[in-house]
Q: 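One structure, pasted below without further comment.
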Amino acid sequence: MLAQYGSAIGGLMLLQAMLQQYFPPILRELLERYFHKLVSFFDPYVEISFSEFTGKYMKRSEAFTSIQNYLTENAASRAKRLKADSVKDNRPLILSMADHEQVADEYNGVKITWSSNKIVPASTTFSLYPMAQNPRYYKLTFHRRHRNLITQSYIQHVLTEGKAITSKNRQRKLYTNDPQDSMWIPAVFKHPATFETLAMHPDKKREIMEDLTKFTERKEYYAKIGKAWKRGYLLYGPPGTGKSTMIAAMANFLNYDVYDLELTAVKDNTELRRLLIETSSKSIIVIEDIDCSLDLTGQRKKAGGDDNDKDKEDDKDDNPLKKMTGKEQKSSKVTLSGLLNFIDGIWSACGGERLIVFTTNHLDKLDPALIRRGRMDKHIEMSYCCFESFKLLATNYLNIEHHILFKTISKLLSETKITPADVAENLIPKSDNEDVEACLRNLIQALEAAKKKAEKDTKLKVQREKKREKRLKWWREAKKRWNIC
Ligand SMILES: Nc1ncnc2c1ncn2[C@@H]1O[C@H](COP(=O)(O)OP(=O)(O)OP(=O)(O)O)[C@@H](O)[C@H]1O
Ligand SMILES: [Mg+2]
């Protein structure tokens, strides 16, 4: 039997060689086409291939990556031969199907087969990019009676799920704008802050988390009302109340990238627009200390008055621009209208699903146009530490939920103002000898010192006010006495 089989194969090979040699290419192509038609007439299975690289520039196909992630999560565990991908930063090992391996999947009761394959080039050529030499592809095989279900629903299901897994597994990035060539410089975003570790009143925290969740779920709603899918948050409060920490917690909660925009490093409005267009969706665009980034009040005055008004504005001691170096002032020509266009201009709609977050220590210094609802949709006050916030910090830093000293701390917190940053600093043990009680006593000391300072400041203020009143009274009487108008 073996001998018969061998001679049959030999005969076929001879036939193929003869075909290749004696048949002209056009005739050969015709024969091959009819041969495939004949095979597909008897073979009820349909095949769809998804290549790793596509297009003119052989870019890595997004569909291929999505399928790879889908199969890794859903079917690869059933494969006999797996491939372990290299991983960084203590991330779990990624096991995917090895080449030429096959796995079965099921969708609405229909059986589907996926196989992982590699294209072996006909001739060996030298390339600096070995990956591109042997591109892989996934082959999907199913019975032709399920063609509609697979092409209209299953493939979409695989791509959607795969995309969700990609975004879940991807390493998030923190981008900062480079002042030299105005490009985003990426770095891996690994901030440990979460809403669980953020000290804030629980009700306020829950409200913000619900607001964020609602935003992410409202793609259709935003489309229906004709608004770009973005939301503005204004975080304001004194230094050390957790504004930057809140942004990190938001990014971790939503799994978004962060674009930290340094406005003083942006040359003009055109550059600002270009930077915005380059941001991806599912991201938070942050401008920290917005009051120090632009002479917003000055620019508005300039629009209404002349240049002298602007100069007067710049002469004010509390003008944040005065704190900037001459070079910074000269290099940034971003205007308030440029910034407003940045927030709600037509190009801000490209990509969608973006948060724009401004932080400031001085809410009153900002132009009302910049922070009106619709631009900055939600204003969040980051305030001094309350007892609820303290309890969360104590749980995080000292691993305690109750202590006899909590009563004293609660009373002091209601009498004085202290930032969560100061509370946190006191709760960190400074040496091995410092136990929980020592840390709490450090905090009590800090609170008492803050209380004393506040009382002293109030006394001084009252004294100053009294003196001013006295001077005014004397001046009023003098005017009456000497008949001065
Ligand atoms: N609400 C908070 N919850 C937890 N930790 C906080 C909170 N606020 C401040 N901290 C701690 O204090 C440090 C400083 O806080 P953060 O940088 O977020 O303050 P900020 O409001 O952004 O200050 P600034 O206005 O100076 O930028 C953080 O690293 C964090 O450890
Ligand atoms: Mg900050």
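Order of listing sets the numbers, starting from 1, for every ligand and every atom in it. Bear in mind that the values here come from a model prediction, so they are computed numbers and not experimental data.
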Q: Could you tell me if the side chain of Tyr259 sits less than 4.5 Å from the side chain of Ser280, heavy atoms only?
A: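 Yes. Closest side-chain heavy atoms under 4.5 Å.
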Q: Hey, does Arg136 have a side-chain heavy atom less than 4.5 Å from the side chain of Gln68?
A: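 Result yes, sub-4.5 Å side-chain heavy-atom pair found.
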Q: Donor-acceptor pairs under 3.5 Å, side chain of residues 231-258 to any protein atom, not counting sequence neighbours: which ones?
A:
unit_1 : atom_1 : unit_2 : atom_2 : d
Arg231 : NE     : Asp211 : OD2    : 2.8
Arg231 : NH2    : Asp211 : OD1    : 3.0
Tyr233 : OH     : Asp211 : OD2    : 2.3
Thr241 : OG1    : Pro238 : O      : 2.6
Thr241 : OG1    : Met382 : O      : 3.4
Lys243 : NZ     : Gly237 : O      : 3.0
Lys243 : NZ     : Pro238 : O      : 2.9
Ser244 : OG     : Glu288 : OE1    : 3.4
Ser244 : OG     : Glu288 : OE2    : 2.8
Asn252 : OD1    : Arg172 : NH1    : 3.3
Asn252 : OD1    : Arg172 : NH2    : 2.7
Asn252 : ND2    : His191 : O      : 2.8
Asn252 : ND2    : Ala193 : O      : 2.6
Asn252 : ND2    : Ala248 : O      : 3.4
Asn255 : OD1    : Arg172 : NE     : 2.9
Asn255 : ND2    : Ser167 : O      : 3.0
Tyr256 : OH     : Glu353 : OE2    : 2.7
Asp257 : OD1    : Arg170 : NH1    : 3.3
Asp257 : OD1    : Lys173 : N      : 2.8
Asp257 : OD2    : Arg170 : NH1    : 3.0

Q: Determine, stepwise, if the pair Arg274 / Glu271 fulfils salt bridge (charged side-chain N to carboxylate O under 4.0 Å, His left out).
A: CA-CA 5 Å; Arg274 199 168 55 72; Glu271 200 173 290; 5.1 Å; no
Q: Nearest to atom 16 (P) of ligand 1, what protein heavy atom do you find, and at what distance?
A: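 Nearest protein contact, heavy atoms only, for atom 16 (P) of ligand 1 is Thr245 OG1, 3.6 Å.
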Q: When you check the space around the Mg ion (ligand 2), which protein N, O or S atoms turn up under 2.8 Å?
A: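 The answer, once waters are left aside, is Ser244 OG.
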Q: Using heavy atoms and a 4.0 Å limit, tell me yes or no: is Thr197 in contact with ligand 1?
A: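 Contact check Thr197 vs ligand 1: positive.
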Q: Can you pull out the closest protein heavy atom to atom 6 (C) of ligand 1? Residue, atom name and distance to 0.1 Å, please.
A: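 Scanning the protein heavy atoms, the shortest distance from atom 6 (C) of ligand 1 goes to Pro420 CB, 4.2 Å.
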Q: Could you check if a side-chain atom of Ile285 sits within less than 4.5 angstrom of a side-chain atom of Leu355, using non-hydrogen atoms only?
A: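 No, too far: nothing below the 4.5 Å cut-off.
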Q: Just to be sure I'm reading this right: ignoring hydrogens, which of Ser383, Ala193, Ala199, Gly242 gets closest to atom 1 (N) of ligand 1? Compare them by their nearest heavy atoms.
A: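 Among Ser383, Ala193, Ala199, Gly242, the closest heavy atom to atom 1 (N) of ligand 1 comes from Ala199.
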Q: Nearest protein heavy-atom contact for atom 5 (N) of ligand 1: which residue, which atom, what distance?
A: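 Result: Leu393 CD2, 4.2 Å.
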Q: Give the ring-plane orientation class for Trp229 versus Phe215, where under 30° counts as parallel, over 60° as perpendicular and anything between as tilted.
A: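 The rings of Trp229 and Phe215 sit tilted, inter-plane angle from 30° to 60°.
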Q: Near Lys430 NZ, under 6.0 Å, is it more than 12 heavy atoms from other residues, nucleotides or ligands?
A: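 Atom NZ in Lys430 is packed in, count exceeds 12.
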Q: Is the closest N or O pair between Thr241 and ligand 1 shorter than 3.5 Å?
A: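 Right, the criterion is met.
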Q: Indicate yes or no: does Asp457 engage Lys461 in a salt bridge with an N to O separation below 4.0 Å.
A: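 Looking at Lys461 together with Asp457, the answer is no, because their closest N to O distance does not fall below 4.0 Å.
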Q: Students should be able to answer this: which protein heavy-atom is nearest to atom 17 (O) of ligand 1, and at what distance?
A: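 The protein heavy atom lying closest is Ser244 CB, 3.8 Å.
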Q: With heavy atoms of Leu198 as the reference, note each atom of ligand 1 found under 4.0 Å away.
A: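 Within the 4.0 Å cut-off of Leu198, ligand 1 contributes 1 (N), 2 (C), 3 (N).
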Q: Going by the order shown, which atoms of ligand 1 are within less than 4.0 Å of some heavy atom of Asn361?
A: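 Checking each atom against Asn361, I get 25 (O).
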Q: Could you identify the single nearest non-hydrogen protein atom to atom 31 (O) of ligand 1 and state the distance to 0.1 Å?
A: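 Answer for atom 31 (O) of ligand 1: Tyr397 OH, 3.8 Å.
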Q: Please test Thr279 against Trp184 for side chain to side chain contact (heavy atoms under 4.5 Å, CB included), starting from the C-alpha separation and ending with a verdict.
A: CA-CA 9 Å; Thr279 60; Trp184 291 112; 3.9 Å; yes
Q: Is there a side-chain contact between Thr176 and Leu261 in this structure, where contact means two heavy atoms from C-beta onward sitting under 4.5 Å apart?
A: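 No. Closest side-chain heavy atoms not under 4.5 Å.
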Q: Can you tell me the protein heavy atom closest to atom 25 (O) of ligand 1 and the distance?
A: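 Sorting protein heavy atoms by distance from atom 25 (O) of ligand 1 puts Lys243 NZ, 2.8 Å first.
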Q: Give me the ring orientation class for Tyr154 and Trp114: parallel if the planes are under 30° apart, tilted from 30 to 60°, perpendicular past 60°.
A: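 Taking Trp114 first and then Tyr154, their aromatic rings sit tilted (interplane angle of 30° to 60°).
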Q: Would Gly240 count as a polar contact of ligand 1, with the cut-off being nitrogen or oxygen pairs under 3.5 Å?
A: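 Between Gly240 and ligand 1 (N or O atoms, distance only) the closest approach is under 3.5 Å.
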Q: Answer yes when Lys214 and Glu217 have at least one side-chain N-carboxylate O distance shorter than 4.0 Å, and no when they do not.
A: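 Looking at Lys214 and Glu217, the cut-off is not met.
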Q: Have a look at ligand 1 and work out which part of Thr359, if any, has a heavy atom under 4.0 Å from it: side chain, backbone, both or neither.
A: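 None of Thr359 does.
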Q: Tell me, which protein residue and heavy-atom name are nearest atom 11 (C) of ligand 1, and how many Å apart are they?
A: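 Ranking protein heavy atoms by distance from atom 11 (C) of ligand 1, first comes Ala421 CA, 4.0 Å.
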Q: At what distance is the nearest protein heavy atom to atom 26 (O) of ligand 1, and which residue and atom is it?
A: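 Atom 26 (O) of ligand 1 sits closest to the protein heavy atom Pro239 CB, 3.5 Å.
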Q: Check step by step if ring pair (Phe, Tyr, Trp, His ring centres under 6.0 Å) holds for Phe64 and Phe53.
A: CA-CA 8 Å; Phe64 182 89; Phe53 298 99; 7.9 Å; no
